[in-house]
Amino acid sequence: MSYNSIYDIVGFNNEVNRLETQAKLGWKKEFRTLKWLGLKDGMRILDVGSGTGAYTELLLENLPHSSVTALEVDKKLFDISKDRLSDYEGNRLNLKFGSIKNSGLKENSYDFVVCRFVFQHLENPMDATREIYKLLKPGGIVAIIDSDRGMYGVSDPDMLFKSGRGFISQIEKRAGWNREIGRKLLKMLKYTGFEQLDFEAVTVHSDLVGIKNILGDNKVPPEIIKMVSRSNPRLAKIMRICSDSSQREKCTIIFLNLIAKGEKPIN
Ligand SMILES: C[S@@+](CC[C@H](N)C(=O)[O-])C[C@H]1O[C@@H](n2cnc3c(N)ncnc32)[C@H](O)[C@@H]1O
């Protein structure tokens with residue numbers, strides 16, 4: 001099973017919207033943490049699994065002296081990123097269609113690799129850490145951003161997330177995602193040969209980013225509520241509550257985005 005089996009479950013456009021939102025919500029705090037972990041303007045950056053290019057665009061906008069290579073394996077998402085980033089292409093941006101399993105990119109050529117919410121979709125994630133190791137210059141840094149079901153987040157009311165977890169675990173099973181990846185990341189970096197390891201978590205809090213930016217401006221699409229109501233009527237009820245703007249302003253959601261960092265040794 002690959003990442004894009006999600007399209008059959010939630011629909012391509014819904015997934016694209018989710019990726020757009022997810023990139024923007026995490027950005028401010030992730031960027032702060034990535035800089036803390038060694039990201040600097042002027043570096044040569046590789047964005048692995050760049051999706052729609054939303055995060056790549058934020059990197060380009062906020063690091064005006066950096067060049068970015070964006071690697072993406074899904075043709076539909078790659079084409080979206082190509083459209084959105086056309087002003088940068090050939091200048092500070094190299095868009096590369098391909099897989100991190102065997103990227104075809106030049107070895108020893110990047111200062112910083114960011115790989116965001118990709119590892120949970122990889123069948124053999126150690127292949128990816130080995131490829132990233134090869135692509136980094138000696139002294140280069142990798143930051144893998146992902147999540148883990150054991151520390152995914154909390155909500156108020158509690159049932160909002162508890163029921164959501166049921167829905168997410170159905171998706172996980174059907175799409176074959178590995179949502180216990182967060183706890184494994186640092187050891188994978190260690191076994192690959194990375195040093196100067198570090199591990200951070202950033203929060204996405206609805207009181208700071210706005211509940212509507214997490215749940216969306218629009219109501220949950222009725223077809224999704226209908227689909228969910230068959231297997232999880234409780235969740236469907238919550239989705240209806242979330243679609244009511246006065247009700248949802250009373251809700252709180254906090255997510256944790258985990259960041260595993262390693263450096264390729266100089267010798
Ligand atoms: C959840 S999306 C995250 C997109 C983007 N990194 C972001 O944070 O907005 C996961 C992305 O990883 C890509 N992906 C999955 N396996 C990949 C692989 N082997 N090589 C490159 N990209 C891959 C998917 O096609 C998808 O675009």
Side-chain angles (χ1 to χ4, degrees), residues 1-31 33-34 39 45-62 68-85 93-105 110 112-135 142-149 152 168 171-172 174-179 181-182 185 188 202 204 213-214 255-260:
M1 279 283 200
S2 63
Y3 159 76
N4 56 17
S5 53
I6 186 71
Y7 305 157
D8 299 332
I9 304 169
V10 301
F12 180 70
N13 290 338
N14 287 326
E15 178 57 3
V16 166
N17 291 339
R18 188 187 73 85
L19 291 180
E20 293 292 312
T21 308
Q22 191 189 57
K24 287 181 190 128
L25 289 185
W27 172 254
K28 205 169 147 196
K29 290 189 179 204
E30 285 172 27
F31 187 49
T33 308
L34 291 176
L39 178 63
I45 298 164
L46 171 63
D47 181 7
V48 174
S50 43
T52 63
Y55 210 73
T56 315
E57 189 170 32
L58 289 165
L59 289 166
L60 286 161
E61 281 171 2
N62 287 278
V68 180
T69 296
L71 176 72
E72 173 54 46
V73 76
D74 182 289
K75 187 71 172 69
K76 283 165 93 174
L77 297 181
F78 178 80
D79 287 344
I80 291 177
S81 70
K82 203 167 168 55
D83 278 352
R84 100 181 295 144
L85 301 171
L93 173 68
N94 170 27
L95 280 174
K96 169 91 176 156
F97 178 60
S99 169
I100 190 58
K101 273 190 227 162
N102 183 4
S103 68
L105 294 166
Y110 294 97
F112 201 98
V113 174
V114 63
C115 186
R116 188 170 181 273
F117 295 115
V118 178
F119 267 66
Q120 60 182 274
H121 305 299
L122 299 177
E123 262 175 58
N124 297 304
M126 284 287 287
D127 290 349
T129 53
R130 282 191 282 266
E131 181 74 2
I132 289 169
Y133 189 91
K134 280 198 261 172
L135 298 174
V142 60
I144 303 174
I145 305 177
D146 221 299
S147 56
D148 192 293
R149 84 170 89 213
Y152 183 49
I168 292 166
I171 293 184
E172 283 164 28
R174 283 179 61 187
W177 294 358
N178 177 1
R179 299 241 312 132
I181 194 73
L185 292 174
M188 289 194 302
V202 302
V204 176
N213 290 318
I214 293 181
F255 293 108
L256 271 189
N257 293 349
L258 309 174
I259 308 183

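Start at 1 and go down the list; that is how both ligands and their atoms are numbered.
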Checklist line | Closest protein heavy atom (residue, atom, distance) for atom 20 (N) of ligand 1 | finding: I100 N, 3.0 Å
Margin query: Checking a contact table here: which protein heavy atom is nearest atom 10 (C) of ligand 1, and how many Å away?
Written below: F117 O, 3.3 Å
Next item on the list: Give the residue, atom name and distance (to 0.1 Å) of the protein heavy atom nearest atom 12 (O) of ligand 1.
Entry: V118 CG2, 3.5 Å
Next item on the list: Please report the closest heavy-atom contact between N257 and G26, naming both atoms and the distance.
Entry: ND2-CA, 4.3 Å
Check: Near D74, which atoms of ligand 1 are under 4.0 Å from a heavy atom of that residue?
Finding: 25 (O)
Check: Looking only at atom types and distance, does a side-chain atom of S103 sit under 3.5 Å from a main-chain N or O of I100, one as donor and one as acceptor?
Finding: no
Notebook entry, point to check: Among protein heavy atoms, which lies nearest atom 5 (C) of ligand 1, and at what distance?
Noted result: G49 O, 3.2 Å
Check: Could E20 and R84 be called an ion pair, given the rule that one side-chain N must be under 4.0 Å from one carboxylate O?
Finding: yes
Note to self: Can you name the atoms of ligand 1, numbered from 1 with element, that are less than 4.0 Å from a heavy atom of G98?
What the structure shows: 21 (C)
Notebook entry, point to check: In the protein, what heavy atom is nearest to atom 19 (N) of ligand 1, and what distance, to one decimal place, separates them?
Noted result: S99 OG, 3.0 Å
Check: So which heavy atom in the protein is nearest atom 2 (S) of ligand 1, and how far is it from that ligand atom?
Finding: L19 CD2, 3.6 Å
Notebook entry, point to check: Going by the order shown, which atoms of ligand 1 are within less than 4.0 Å of some heavy atom of H121?
Noted result: 1 (C), 10 (C)
Next item on the list: Answer yes when R130 and D127 have at least one side-chain N-carboxylate O distance shorter than 4.0 Å, and no when they do not.
Entry: yes
Margin query: For R179, give me all partners under side chain to side chain contact (heavy atoms under 4.5 Å, CB included), at least two apart in sequence or on another chain.
Written below: Q120, S147, R149, Y152, I168, E172, W177
Margin query: If we ignore hydrogens and angles and just use 3.5 Å, is the side chain of D74 paired with the main-chain N or O of K76 as donor and acceptor?
Written below: yes
Notebook entry, point to check: Considering all heavy atoms of both residues, which atom of E131 and which atom of K101 are nearest to each other, and what is their separation?
Noted result: OE1-O, 4.1 Å
Notebook entry, point to check: Nearest protein heavy-atom contact for atom 14 (N) of ligand 1: which residue, which atom, what distance?
Noted result: V73 CG1, 3.8 Å
Check: What about E72: any of its N or O atoms under 3.5 Å from an N or O on ligand 1?
Finding: yes
Next item on the list: Return the minimal non-hydrogen interatomic distance between K82 and L95, and the atom names on each side.
Entry: CA-CD1, 3.5 Å
Item checked: With sequence neighbours excluded, residues passing ring-ring contact (aromatic ring centres under 6.0 Å, His included) with Y110 -> none
Checklist line | Proximity of R116 to ligand 1 by residue part, where a heavy atom lies under 4.0 Å | finding: both
Check: What part of L122 sits under 4.0 Å from ligand 1 if we count only heavy atoms: the side chain, the backbone, both or neither?
Finding: side chain
